[in-house]
Trainee: 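I have a structure here, written as C-alpha cells, and I will follow up with some questions on it.
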Number of protein chains: 2
Amino acid sequence: MIKNTRRVQRGEASLSRERIIEAAIALLDGAGESGLTFRALAERLATGAGAIYYHVDNKTDLLNAAADAIVAAVLPAPAAPATGDAPVVTAPDASVAAAADASPQTAVRAIALAVFDAIDGHPWLGSALMQAPSALPMVRILESLGQQIRALGVAESAQWQAVSALLHYIIGVAGQNAANAQTARARNAVRDDFLGAVADGWAQLDAVHFPFTRGIAARLRVHDDRADFLAGVDYILTGVSTAGL
Amino acid sequence: MIKNTRRVQRGEASLSRERIIEAAIALLDGAGESGLTFRALAERLATGAGAIYYHVDNKTDLLNAAADAIVAAVLPAPAAPATGDAPVVTAPDASVAAAADASPQTAVRAIALAVFDAIDGHPWLGSALMQAPSALPMVRILESLGQQIRALGVAESAQWQAVSALLHYIIGVAGQNAANAQTARARNAVRDDFLGAVADGWAQLDAVHFPFTRGIAARLRVHDDRADFLAGVDYILTGVSTAGL
DNA sequence: ACCTGAACACCGTTCAAGT
DNA sequence: ACCTGAACACCGTTCAAGT
C-alpha cells in the first residue's frame, strides 16, 4: 500500500515562508483584513497553526511581508531585488518602469498612481502601510520618490520635507480609501453606494453649523478618487517647486 | 442595616453614555488602543460588560464617540455644539478660535495644528480618524477647512479637491504619527529612540538600491514632526492658490 | 428601563510531543 | 529541522435572568 507523505506531492512544495505569504495575500484579497487568520491560513495550507510560526515571526511580520510583496512588484525596483522574498507576486505591468525617462514630475505621478492602484486592488494594503510607517514597503516608496525629488533639483536641505509631504499624502489617501473599502465591505455594499449614503448624510446636516459640508455633498457623490488624488499630488509638487528650488 | 444601592452614590452618577465615553478616553490615553476593552471598561465603571451595550452600539461606535469628544473640544465649534455628547472633554485652550480674524491661510494652519496636537496627545485618535473617514469627527474637520478654503476665494469647482487634499494630508500624517507612537509604546521605547533605531536601519541599507534613503537617514534623527507637517500644509496651500484662484 | 454575568464563538501565540 | 494540535489567555457580543 502506497502512502503519500502529505508534504511532497505533485508541484505542491513543502511549507515555506513564500507559500505562506502567497496564501496570506489570497486570504486578504478574498476576505479582507479580517480574513487573515492563522487558523484559516493553516487550513488553506493543510497544516497546523503552529507550523506557520516556524517560518513567520508573528502576524505583523506576515502582514508586512505580504505588503512588501505587492509594493515590490508594483514599484520599479531600484536596480535588482533587494530581499529574498520579493517576487511572490508577478508585476502586473511595467508602466512605472517605462516612465523612467520622463520628467521627474511625471515620474512622481506615476509612482503615486502605482501605489494608489495597488491599494485600490488590495484595500488591506492601505492599512498595512499605515500601520508600519517604517517597514520595508514604505522605504521602497520613500526611495522611489526621493530619487525623483533629487532629479527635480530640490535643494538638499528641503528634500526631506518634500519627500515626507508626498509620502504622507500618498499613504494617507491610500489608508483612507482602504478604510472606505473596508467599511463598504462590512456593510455588504458597493463602494459607490456607500459613498452615496455618506453624501446623503452630509446633505441632511444642520445648515447653520455645516454649510460647507452640506454644499459639497453633491460633489462627493460624483467625484473621481483617482483624479482627486492626483490633484493633491500636483498641489504638493507645485508647492515644492515654488518653495524649494 | 443600611444597604447602599451601588448606583446612586456621592457624586458618582449612574451609568450613562457620557460616563462610558469618559472612561474609554481614560483607558485609551493610559494604555493605548489595545487598552480599550469591554472588560476593562466594565471593571473601571464597576458594572458588567453587557451593561455597556445598553448605552453604546458596539466598539466602533464607542471609539467614534471618544474621537468626536476630543475633536469637538479641540476645533472651533462652527457656532454652537451640534450633538448631545460633545463636551465630555474640556477645551484645552482656545488658540484655534482666536485665529478667527486672521487670514484664511493662517486659519488653515491653526486647524491643521490643532488636529496634529490633539493626536500627539492622544495617539489612538489617529487610528480612530483613519478608520472612520466618514464619521462625525471627520466632518467637523472638513467643515472647518472648507469654510477657510471658501474664504480664501478658491473657485467653487476647485473647492472639493482643495479641501480633500488638505484633509487627506492632515489625517494621513496624523495616522502615521499615531502608528509610530503605538509601535514605540509596544516596544517600551520613547518615540525619539524608536525613530533613532529606524534611522540606524536606514543608514545601513544597501547603497546601490537605496541611495536616497541612506542619505536622508541622518535627517530623520533630527527632524521636527510639527515643522515638517506644517511644511506639507504650506505646499498644498501654495498649490491650491497657484492652481485655483 | 436598566443591569448582571455566564456563555458563545472566536482570536494570536505557545509548547510539549511527535517525525 | 520541521510539523502537529491541544491548550492558554484573551477578545467582542449576546442573552436569559434579575431588579
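Naming convention: chains lettered A, B, ... in sequence-line order (proteins, then strands); numbering from 1 in each chain.
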Trainee: Looking at R221(A), I want to see if its CZ is surrounded by more than 12 non-hydrogen atoms of other residues, nucleotides or ligands under 6.0 Å.
Mentor: yes
Trainee: Of the candidate nucleotides dC3(C), dA7(C), dC3(D), which contains the atom at the shortest distance from the side chain of R39(B)?
Mentor: dA7(C)
Trainee: Is the phosphate of dT13(D), meaning OP1 or OP2, less than 4.0 Å from a side-chain N or O of Y53(B)?
Mentor: yes
Trainee: Starting at CZ of F38(A) and ending at C1' of dT13(C), how long is that distance when rounded to a whole Å?
Mentor: 8 Å
Trainee: Quick one: D57(A) CG to dT14(C) C1', roughly how many Å, whole number?
Mentor: 14 Å
Trainee: Rounded to whole angstroms, how far apart are NZ on K59(A) and C1' on dT13(C)?
Mentor: 12 Å
Trainee: Round to a whole Å and report the spacing from CG of L41(B) to P of dC11(D).
Mentor: 12 Å
Trainee: Which is more 5' along DNA chain C, the nucleotide nearest G50(A) or the one nearest S34(A)? Just name the residue.
Mentor: S34(A)
Trainee: Are R140(B) and D68(B) within salt-bridge range, i.e. N to O under 4.0 Å?
Mentor: yes
Trainee: Within the side chain of R214(A), is there an N or O that forms a donor-acceptor pair under 3.5 Å with the backbone of L205(A)?
Mentor: yes
Trainee: Expressed as a whole number of angstroms, how long is the span from I52(A):CD1 to dG5(D):C1'?
Mentor: 12 Å
Trainee: Could you state the CG-P distance from L45(A) to dC2(D), rounded to the nearest angstrom?
Mentor: 16 Å
Trainee: Side chain of L15(A) only, heavy atoms from C-beta on: which candidate in dG12(C), dC3(C), dC3(D) is closest?
Mentor: dC3(D)
Trainee: Output the rounded distance in Å from CD (E33(A)) to P (dG12(C)).
Mentor: 12 Å
Trainee: Give the dot-bracket line for DNA chain D from 5' end to 3' end: parentheses for intra-strand Watson-Crick or G-U pairs under 3.5 Å, square brackets for crossings, | for inter-strand pairing, dots for unpaired.
Mentor: ||.|||||...|||||.||
Trainee: Taking only side-chain N and O atoms of Y54(B), does any of them lie within less than 4.0 angstrom of OP1 or OP2 on dC2(C)?
Mentor: yes
Trainee: For nucleotides 16-19 of chain D, give me every protein contact, N/O to N/O, under 3.5 Å, one pair per line with atom names.
Mentor:
none

Trainee: Mind calculating the distance between CD (E43(B)) and C1' (dG5(C)) to the nearest angstrom?
Mentor: 14 Å
Trainee: Does a side-chain N-to-carboxylate-O contact under 4.0 Å join D225(A) and R191(A)?
Mentor: yes
Trainee: Let me spell it out: for each of G48(A) and T37(B), pick the nucleotide of DNA chain D with the closest heavy atom. Which residue's pick is nearer the 5' end?
Mentor: G48(A)
Trainee: Picking from dT13(C), dC3(D), dT13(D), which would you name as closest to the side chain of S14(A)?
Mentor: dC3(D)
Trainee: Any ion pair linking R17(A) and D61(A) (charged N to carboxylate O, less than 4.0 Å)?
Mentor: yes
Trainee: Using a 4.5 Å cut-off on heavy atoms from C-beta on, say whether the side chain of K59(B) contacts that of L36(B).
Mentor: yes
Trainee: How is L36(A) classified with respect to the nucleic acid when contacts are heavy atoms under 4.0 Å: base, sugar-phosphate, or nothing?
Mentor: sugar-phosphate
Trainee: Tell me, do I70(B) and W124(B) make a side-chain contact under 4.5 Å, heavy atoms counted?
Mentor: yes
Trainee: Looking at the side chain of N58(A), which of dT13(C), dC3(C), dC11(C) is the nearest nucleotide?
Mentor: dT13(C)
Trainee: Decide yes or no for I171(A) and I141(A): does some side-chain heavy atom of the first lie under 4.5 Å from some side-chain heavy atom of the second?
Mentor: yes
Trainee: So, does S16(A) use its side chain to make a donor-acceptor pair with the main chain of R19(A) at under 3.5 Å?
Mentor: yes
Trainee: Take the angle between the ring planes of Y169(B) and H168(A) and call it parallel below 30°, perpendicular above 60°, tilted in between.
Mentor: perpendicular
